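What follows is a set of notes on a single structure, which appears directly below.
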Amino acid sequence: MQILVVDDDPLACEMTATLLEFQGYTTVMANDAMEATQQLDSLDTIGLIVSDMHMPLINGIEFLKMLREQGVTLPFILLTGDSPDSTLMQTPGLNACLQKDAELESTLGNAVTQALNG
Amino acid sequence: MALDIKRFIQRFIEEASDHLPRLREGIEALEQGDTHQERINELFRAAHTLKGSSRMLKLTPITAIAHSTEELLSALRDGTQTASPDVTCLLNQATDALSDRVNQLAQGASPAELAEADHQLCQAMENAAVGKLSTSSPPVTVVPHNDTAKNDKTENDDAGIVSPYAALPTTKSATLPAQELRLTDTVRVRLDRLDDVIRLMGEVLSGHHHLHSLVEQARSLSTSLPKDQQAPFNAFSRELKDSVLSHDGLMSDLHDRALQMRMLPLSVVFDPLSQMARDLAHSLDKQVHCRVHGSEIELDRQMIDRLSDPLIHLLRNALDHGLETPDERQAAGKPIRGQLSLEAWQDGSWVVIEMRDDGTGISLEAVRRKALSKQLLSEEQLLALTEQETLELIFLPGFSTKPLITDFSGRGVGMDVVKRTVIDELNGDLRLSSHSGKGTCFTLRLPLSLAMMRVLLINVGAVTLGVTAPYVSELVEHASTNFIDAAGQKTLILRNEFVPVVSLAELLDLPYTPTESGNLLLLVVHQRHQKLALIIDALVDERDMVIKPLPTHLRHLPLVSGMVTLGRSTLVSLLHVPTLLEHSRRYAPKVLTKTDQPPQAHRILVVDDSLNTREIEKDVLEAWGYQVTLAENGRDGLNKALADSFDAVLTDVEMPVMDGFALTASLRENEIYRYKPIIIITSREKEADRRRGIEVGADAYIVKGSFDQNNLVDTLKALLG
C-alpha cells in the first residue's frame, strides 16, 4: 500500500512524505490535483490520500469532491496551513482535517491509522 | 526515536530565498498600481507557503509574520482592503522581517534562537486587514544578527562588538561575519575550476587568432611556388582557412559560455546590503526603507567580488551623511522613514547600478567651504566650477563634508577610493547627482565582465597599442587644416563640441615621424563628459580580447591598464584612458602671452553643456586675460548670472534644461543684463537660427565651424568697449 501525498509546495510535500515514511509507509508525491489524478490512474497500489488544502487551480476540498464523484472511495486526509474550521472538518467523505504544524508527525500518524482501520 | 524534521531547514532557506524576492517584486508591482487578481494571488500563495512549511519546522516567528502577512493579503484578495502606500509599506516591512529571520537561519541560528516576531508589525497588518490602519508610522523592525550586533557604540574598537560596520570597508572580512558575501563551499570549488578553465580558454583563444595570420602567410606563400605546385597548395590553404574559420565561432561560443557560468546574480551583493542598510540605520537612530530592484541581473564573479566594497561605502555614506534623523525629516515635512533604493538594469553590454536616497542632498556650500579649508582649490578656481563640478569635488582625495568624526565616517576611506575602484579596477564609471533637501544619487556603470572586452588595436609609429571599446567614442578622419587653434591647443570641432587634439605619439613620448600630407586618423576617446582626439597612424583590428592583468611589478604604471596577447607571443599594452586624459591636460601647451591684457580683467560667463567646449573657451579667454566662470546649461547660467554680475555672457544654443535662446531672452529681461554683451556661439549655421539669436537679443552670433579665437576676442573687445 502506498500513500499519495499532494501538495503544491514541494518542501511541505516532501516533509509530509518523510513523516509518513518514518512511520513505515511508502509514499508517492504529486504537486497538484491533476498530477495526483494521473498517479491514481497509473498506480493501483495507492491506499490513502493526504492532500493539502490551498493549491492553485483545484484545492484540496474540490479534489476530494471530484474523487468522490468519480467513485473513488480511498480514505482522504486534508492538511491545511490554517487552523481548520469546523465546516471544513465536517466535509462529507473526509477522514480527517489536520493543521500542518510541528505536531503533524503524531496527528498524521494517528489519523492514517484510524482511516485505514476504520 | 522521533524523526528529526529539522534536516529540512536548509531546504526551507532555499525555498524562502525563492519566495522572498517574488514577494518583494509583487509588492513593488502593487506599489506601481498593478493590482491584478493573479498578482495578489501569487503574493498570497508565497506567504501561505512560507507559513505552512515554517509551521511544520516550528519556526514560530516566521510563521507568525507570514500569517499576518497572509491575512493582509487575503483582505487585498477579497477586495476589502486596497494596496494603499500604508499597506504596501507594511508588506515591505513584513518581507524585510521575514528576510531577516531567514538570514539568521542561513547564518546557522537554530529555530529557537530566531528573533521573535515583531508583534506590533503583525498587529498592524492584522488591523489593516480589517480596515483599521494606524495613522502613525509602524515601528521599524531590526533584528540583531547575532551577538556581535549589540549596538554598543562605546566599545566599537573591540573587534567584533559593534559594529560590523565600524571598520568597513577596508577590513570588512575581519569584522563583518554577517555581511560577508558568502558563496557556498561547493560553488567556490566549482568557480575556482571555472577560473582556470576561463583562463585557459583565454589563452587558447588568443593563440587561435595567430592561426589567421598563418592562413594569410600560406596564401602569400603559394604565389612564390612554381605554377604546377600551386593547385594542391591552394587546396590545402583553402581547407586550412575553412577549418580556422569554423573553429572561430566554436571557440568564442565556448568562451562565452564558460564566462556565463561564472556569472552571479547581483543579489549576492544586494541582499546583504539591504540587510546592512536596516541595521546601520538602526544604529544611527534613523529609519530607512531599502528597496532593491534588479538583483537578478548577472555579472561576472570578478566584478561582483570587487563591487561590494564601493557599494558598502556608498551605502554608509547615504545613511550616515545623506539620510536625516526622523526628527529632522519630520521638520522638513518628509515621511520619517527615509527611502533608499538600490537598482540595477542592463544597458547594452553594461550594467548600471544606481543607489538613490531621499535624504538631505549634498550642500554645495559645504563642499565649497570644505574644499577651501582643505586648500584643495583656490577661491578663483572654485568660482569657475559648475554645480556639477563642485559636487564632484567630493571625489577628491581627502575630502569629507562631515565635520564630525563618527563611528561610521572618518575611517580613512573616502569617496576617492570608491571612484578609483569603479573607474580603474572595474573599468566603469561613477556619476553623482544631488538636489539639496531632496536626496543624492550615485550611478555606477560597469561592464558585464572584466575577462573579455572589445579592444581596438591601433598603430602609433612602430608600436601597437590597445584601447578598450567602452572608452572609444569614435574614429574620424580630418585634414589638419580643419583644426582650430584655441589658446595654443589644437582643437577639432566635432558636431557641437570642441575636442582637444593631441598626437598620441607625442603624449606618450614615442619615436614618431609626423606625416604632413593627407588626412589624419583620429581616435576620439572619452571618459564621462571629457573627450580627447588622439592622432594615430592606423587602426589594426577591433575584436573581443582576453584582458590580462599586469604582473605586480608593473602595476604602478598608470598609463597601462592591462595586456592583451596578439599572435602567438606578442603582448600589447592597453592604454588607461582616464590617465591619458589627465596626462593630456597637463601636457596641453598653455599660451599665456597676454599681450593685450585688459587693464581691469573683465568677467565673462561661459555657458555650454560640453565640458570640452567650456574648458577650451575658458582657456582661450583666460589666455587673453579675461576672468571666466563656467555654467553647464541655460538654467545654471541664468542662476550664476543673477547671483553675480558679469561683464559679458558667452553661450551655446543646444543645451539641456534651458537652451541658449531662452537664456539670452531671460537675461535681456533683467535690468543688469539688458545692455551687457551676449555672444551666441553654436554649430547651428542656418540663417533662421542666426535671425532668432538676434531677435532674442544676442549681440553676436559665432558659428563654431568657422571659429577663430581672434574673431571671438575681437568681438568681445569691441562689445566691451
Side-chain angles (χ1 to χ4, degrees), chain A residues 3 5-27 29-33 50-62 77-85 88 96-113, chain B residues 1-20 22-23 37-74 77-78 102 105 110-112 114 126 129:
Chain A
I3 296 179
V5 182
V6 194
D7 199 320
D8 63 315
D9 173 12
L11 174 60
C13 193
E14 273 177 54
M15 286 198 284
T16 310
T18 307
L19 292 177
L20 290 166
E21 281 174 6
F22 186 70
Q23 291 171 8
Y25 301 104
T26 50
T27 57
M29 291 184 273
N31 283 333
D32 56 46
V50 175
S51 167
D52 182 31
M53 171 64 198
H54 288 287
M55 293 185 294
L57 304 177
I58 303 170
N59 70 26
I61 282 293
E62 287 160 353
I77 296 172
L78 189 70
L79 300 184
T80 165
D82 307 310
S83 333
D85 61 40
L88 193 64
C97 180
L98 307 172
Q99 187 179 12
K100 283 200 249 177
D101 60 18
E103 276 70 54
L104 195 62
E105 186 187 346
S106 59
T107 53
L108 183 59
N110 292 338
V112 170
T113 320
Chain B
M1 191 189 77
L3 166 68
D4 186 17
I5 202 157
K6 297 280 182 288
R7 66 190 161 102
F8 281 100
I9 284 186
Q10 191 54 42
R11 277 287 308 282
F12 175 79
I13 295 168
E14 285 164 21
E15 183 170 278
S17 315
D18 223 29
H19 285 300
L20 288 168
R22 264 188 270 163
L23 265 176
Q37 195 64 27
E38 192 37 43
R39 173 69 78 182
I40 297 170
N41 282 344
E42 266 174 36
L43 282 170
F44 179 86
R45 278 202 297 273
H48 181 79
T49 304
L50 285 173
K51 182 178 87 168
S53 32
S54 66
R55 182 174 272 157
M56 284 172 82
L57 289 164
K58 225 173 180 168
L59 305 170
T60 324
I62 295 178
T63 313
I65 302 164
H67 174 75
S68 305
T69 312
E70 193 191 333
E71 295 282 296
L72 181 50
L73 286 166
S74 162
R77 192 175 60 166
D78 303 342
V102 172
L105 278 179
S110 73
L114 283 188
E126 282 175 40

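Owing to the predicted nature of the structure, the values given are computational and were not obtained by experimental measurement. Residue numbers start from 1 in every chain, and the chains themselves are labelled A, B, ... in the order their sequence lines are given, proteins ahead of strands.
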Minimum heavy-atom distance between P10(A) and N31(A), given as atom pair plus value = CA-OD1, 4.2 Å
Is any side-chain N of the basic residue among K100(A) and D82(A) closer than 4.0 Å to the acidic one's carboxylate O?
-> no
What part of R11(B) lies closer than 4.5 angstrom to a heavy atom of chain A: side chain, backbone, both or neither?
-> both
H54(A) meets the ring-ring contact (aromatic ring centres under 6.0 Å, His included) criterion, sequence neighbours left out, with H48(B)
Identify the heavy atoms of A17(A) and M29(A) that sit nearest to each other, and give their distance.
-> CB-SD, 3.9 Å
Backbone N/O of N59(A) and side chain of E62(A): donor-acceptor pair under 3.5 Å = yes
Using non-hydrogen atoms only, which part of T80(A) is less than 4.5 Å away from chain B: side chain, backbone, both, or neither?
-> neither
Any residue meeting salt bridge (charged side-chain N to carboxylate O under 4.0 Å, His left out) with R77(B), in chain and number order, not counting sequence neighbours | none
Residue of the set V5(A), V6(A), L104(A), D101(A) for which side chain to side chain contact (heavy atoms under 4.5 Å, CB included) holds with L79(A) = L104(A)
Turns out that what part of Q99(A) lies under 4.5 Å from chain B's heavy atoms comes down to side chain
How about residues 52-61 of chain B versus chain A: which residues have heavy atoms under 4.5 Å apart?
-> G52(B), S53(B), R55(B), M56(B), L57(B), K58(B)
Test salt bridge (charged side-chain N to carboxylate O under 4.0 Å, His left out) applied to D9(A) - qualifying residues, sequence neighbours left out | none
Chain A contact via E14(B) - side chain, backbone, both or neither, heavy atoms under 4.5 Å | neither
